[in-house]
Amino acid sequence: MLQVLEPGALTTVQDRGRSGWARYGIPESGPMDRAAFTAANRLVGNGPDAGALEITLTGPLLWAGHDMLIAICGADFQVWIGGVAAPGWYSVFVRGGSLIRFGVRRAGARAYLAVAGGIVVPSFLNSVSTFLSGRFGGLKGRALQTGDQLETGVDPLRRRAHELWADAGERWPETRRPAYSGTPELRILLGPQASYFASDAVQGFLDAPYRLSHASDRMGIRLEGPVVRHSGPTGIVSDGVLTGSIQIPPDGHPIVMMVDHQTTGGYPKIATVIQADLPLLAQCLPGDSIRFRAVTLAEARAASTIFLKRLQPW
Amino acid sequence: MTYPSTYPRILPNGEAAFTVEFGDAVDAELNRRVHALDGSLQQHPLPGVVECVPTYRSLLVRYDLLAAEGDLVLAALWERVVQLFATAPPPETRGETIASGSGRLIEIPVYYGGEFGRDLPDVAAHCGLEPEEVIRLHTQPLYQVAMLGFAPGFAYLLNLPESLATPRLATPRLRVQAGSVGIAGNQTGVYALSTPGGWRIIGRTDLRLFDPARCAPFLVRAGDQIRFIAAQPDEHVTGS
C-alpha cells in the first residue's frame, strides 16, 4: 500500500492504455511517455500492462506501507527514499514505513513510478488508465488527492522482501531510452490530409520551430509559431484521429493529439508524429521549442519498430 | 507506392495505420460501405490489425508494427475492399444488399420540448414549422448510427429530414445534460455525457448512451439503427 501524503500537481494511475474502444468514442489514454512507463514496469519485474503512476511537473509525497521494489523513469526529479537520494531509471528497494519524497524537477515533464505487483485499482474496459475528462478509470476517474491509499498487487515473481532487496539496483540502459531533449526534432509522416495545404504552407510548417503553448494537456499539445494556412476548406468530414495526429484548425495553429484525444475530428491532419518520437514530445514543457522533420514511410516504420523492440523484455 | 486519387482509396496515416476512404461526404451509402468493411474485419480480422474506427466516410485501421508488415496489411486491405465491393450490385439495390452494420434497431423514448428541449421553439421557428410538426418529423425516420466520437458513446446519426436542418448555437452552452437530443446542421444526436455543446436541444431521453457502471456501458454502436419515440415523463419507466 502507498499512502498519498501530497499528490503533486497531477498524478494519475495509468497502465498501457484502453486500446480497442475508439469505435465507441473512448480514447486510448495510458502513459504520455510509453518508453519511460514501460521501462519503470520492466525494472520492477511487472508486465507492460501493470498500473503505475504518471507524475506531472511536481512530484508527490508517498508513504510506503510495506517493503516494496519501485522504479522511477522519465522526467529527471530529485527523489529521496527514507531520506536517501534515489536515482532514476533504477530499481530501488523501499523499506516499509519509508517516505518517498519528490523534490526539484531538473528536466522533462512526466515521470513514471512503478511498484512490483503494480498499482491496483478497479479496471474499466480492460484498463486501469485514468481518463480525466471522462471521469473514469484509475482512482475514481480522477487525479490522486491527499489521503488516498493505493493498493499494490502481488509481485508477479512472488519474491520475498529479501529477494526484492537483492533484485534492486537494476539499471535501464541509456541505449534503450529515448534521446530526450529540451529542443527535440520530431519525425513526422505527412498526410493523410497534407493536400489541404499549399506546398509553401507545408514547407513553412517544416522549416520553423514551434513552441508548446500553456494550453496543452493529455488530450492535445497546442503549438505556437508560424500559422499554417489552408489552401481550401478548413474542415473535413470527421474521421479517425490517432495519438500523434497533427490537426490544423481554422486559426492555423497546430495541435498534436495526445493519448486522451477525441477519437474523431473534423480538422485536416497535416501529418502524424511517429510513435518513436512521441515520448520526446511528452517530456516537453510549455515554452519548449520543437521542430518537425518529414521522413518516408519506410524510415518511420523502421524507427518505430526499433523503438518498440527496445521496450520488449530481453 | 502510389495511391489512386479516386475512391475507394487507402491512405497511410502515420506509420502504423491506414485510412480507407470511401468518399468525402456525409452520405448513408458511403457510411454503409464503411460498416460493411468494418463488419468484415471484425468477423475475419487481418493479422496484426489491432483496431478499426468507423466514421462517416472512412475506416481507420491500426496495426501493430511488431506483428505485421505494413505493406502486407495494405495488400490485404485492398483485397478485402475488392472482395466486398468489386462485385457490388447495381446502385438502385445497394442499400438493401450491403449489410448495414449490426442490423440492430434501438428505440429511444424522448421527452420533446419544455424544460427538456429548450430549443424546440427556435428550431420550429427556423424551419417554419409548428413544434408538433418538428416532433412528428424527428420521430419518423430510421436513423443510421454513422459513427461514435466527440465523447464516449456520442452517436452521430444519419437521415435527419432536411426540413429540420438548423445551424448550431452561435455560442455553445457550457453544460448540456446527458441524454439531451439535439440538432446541428443536417445532423442529429444524443449527448452521452453532460458536456459543453452547441447543438440545438429539442428533447431528452432517460436512456444513458454511456454508463460506466453498467455491464454493457454503451447503448448503441456504429452501424445500429435508431428510432426516436415521443414520450411523456410520467408514462415512461426510467431506463437503467
Side-chain angles (χ1 to χ4, degrees), chain A residues 19-28 124-125 131 133-137 141 187-195 233 236-246 262-266 269 271-276 278 295-309 311-312, chain B residues 1 3 5 9-21 23-27 30 34 38 42 50-62 64-67 69-71 74 146-156 192-193 195 209-210 212-213 217-218 220-223:
Chain A
S19 181
W21 300 95
R23 60 174 50 244
Y24 293 104
I26 305 277
E28 188 166 11
F124 176 63
L125 302 177
F131 176 40
S133 59
R135 297 194 193 87
F136 58 75
R187 286 166 290 183
I188 58 171
L189 268 171
L190 291 173
Q193 281 107 27
S195 61
I236 57 168
V237 177
S238 288
D239 76 350
V241 171
L242 295 164
T243 301
S245 291
I246 306 175
Q262 293 186 1
T263 53
T264 58
K269 298 174 281 294
T272 310
V273 178
I274 72 169
Q275 294 177 33
L278 287 169
V295 295
T296 65
L297 186 52
E299 280 176 83
R301 283 178 181 161
S304 288
T305 301
I306 292 169
F307 166 76
L308 294 171
K309 280 188 175 157
L311 304 182
Q312 299 290 305
Chain B
M1 271 180 283
Y3 301 95
S5 57
R9 61 184 184 181
I10 304 183
L11 304 173
N13 193 343
E15 75 278 32
F18 292 102
T19 300
V20 186
E21 288 188 344
D24 190 20
V26 174
D27 174 84
L30 287 179
V34 172
D38 179 51
Q42 299 297 310
V50 291
E51 175 162 47
C52 296
V53 186
T55 66
Y56 278 118
R57 45 76 184 229
S58 70
L59 185 70
L60 178 64
V61 180
R62 285 207 304 128
D64 178 354
L65 274 177
L66 297 187
E69 287 275 348
D71 291 351
L74 178 61
M147 66 181 206
L148 273 61
F150 169 62
F154 186 95
Y156 291 85
L193 289 175
T195 53
L209 270 76
F210 173 62
F218 305 99
V220 302
R221 50 184 188 242

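Sequence lines set the chain letters: A, B, ... in the order given, protein chains first and strands last, and positions in each chain run from 1. Only a predicted model underlies this, so the values are computations on that prediction, with no experimental measurement involved.
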Problem set entry | When A:Gly20, A:Gly265, A:Gly191 are compared by non-hydrogen pairs under 4.5 Å with chain B, the top option |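 The candidate making the most pairs under 4.5 Å is A:Gly20.
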
Exercise. If you count heavy-atom pairs under 4.5 Å with chain B, which of A:Ile274, A:Val273, A:Thr263 comes out on top?
Worked result: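 Answer, by heavy-atom pair count under 4.5 Å with chain B: A:Ile274.
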
Please flag which part of [X] lies under 4.5 Å from any non-hydrogen atom of chain B: side chain, backbone, both or neither.
{"X": "A:Leu190", "value": "neither"}
{"X": "A:Val295", "value": "neither"}
{"X": "A:Glu299", "value": "neither"}

Exercise: identify the closest heavy-atom pair between [X] and [Y]:
{"X": "A:Ser238", "Y": "B:Arg57", "answer": "O-NE, 4.4 Å"}
{"X": "B:Ala17", "Y": "A:Leu242", "answer": "CB-CD1, 3.8 Å"}
{"X": "B:Phe18", "Y": "A:Arg301", "answer": "CZ-NH2, 3.5 Å"}
{"X": "B:Arg221", "Y": "A:Tyr24", "answer": "CB-CE2, 3.6 Å"}

Segment of [X] engaging chain A (4.5 angstrom heavy-atom cut-off):
{"X": "B:Gln42", "result": "side chain"}
{"X": "B:Tyr56", "result": "both"}
{"X": "B:Ala25", "result": "backbone"}
{"X": "B:Leu148", "result": "both"}

Checking the side chain of [X] only, and the main-chain atoms of [Y] only, is there a donor and an acceptor separated by less than 3.5 Å?
{"X": "A:Gln262", "Y": "B:Ala151", "result": "no"}
{"X": "A:Arg23", "Y": "B:Cys52", "result": "yes"}
{"X": "B:Glu15", "Y": "A:Ser304", "result": "no"}

Using side-chain heavy atoms (C-beta onward) and a distance below 4.5 Å, is [X] in contact with [Y]?
{"X": "B:Pro217", "Y": "A:Phe124", "answer": "yes"}
{"X": "B:Pro12", "Y": "A:Leu189", "answer": "no"}
{"X": "B:Arg62", "Y": "A:Ser19", "answer": "yes"}

Exercise. Quick one: CG on B:Leu11 to NZ on A:Lys269, what's the gap to the nearest 0.5 Å?
Worked result: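 Output value for this atom pair is 10.0 Å.
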
For this session: First locate atom CG of A:Leu308, then atom CG of B:Leu65, and finally report the distance between them rounded to the nearest 0.5 Å.
Result: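 One finds 6.0 Å between CG of A:Leu308 and CG of B:Leu65.
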
Problem set entry | chain A interface, residue from B:Pro152, B:Gly149, B:Ser58, B:Gly23 that has the most non-hydrogen pairs under 4.5 Å |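 Heavy-atom pairs under 4.5 Å are most numerous for B:Pro152.
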
Problem set entry | Most chain A-contacting option - heavy-atom pairs closer than 4.5 Å, from B:Asn13, B:Val220, B:Leu209, B:Val53 |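 Most heavy-atom pairs within the cutoff with chain A belong to B:Asn13.
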
Problem set entry | Check against side chain to side chain contact (heavy atoms under 4.5 Å, CB included), B:Phe154 and A:Thr264 | CA-CA 11 Å; B:Phe154 186 95; A:Thr264 58; over 6 Å; no

Exercise. Under the criterion side chain to side chain contact (heavy atoms under 4.5 Å, CB included), which of B:Thr55, B:Val26, B:Asp27 is the partner of A:Val237?
Worked result: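 Among B:Thr55, B:Val26, B:Asp27, the one that satisfies the side chain to side chain contact (heavy atoms under 4.5 Å, CB included) with A:Val237 is B:Val26.
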
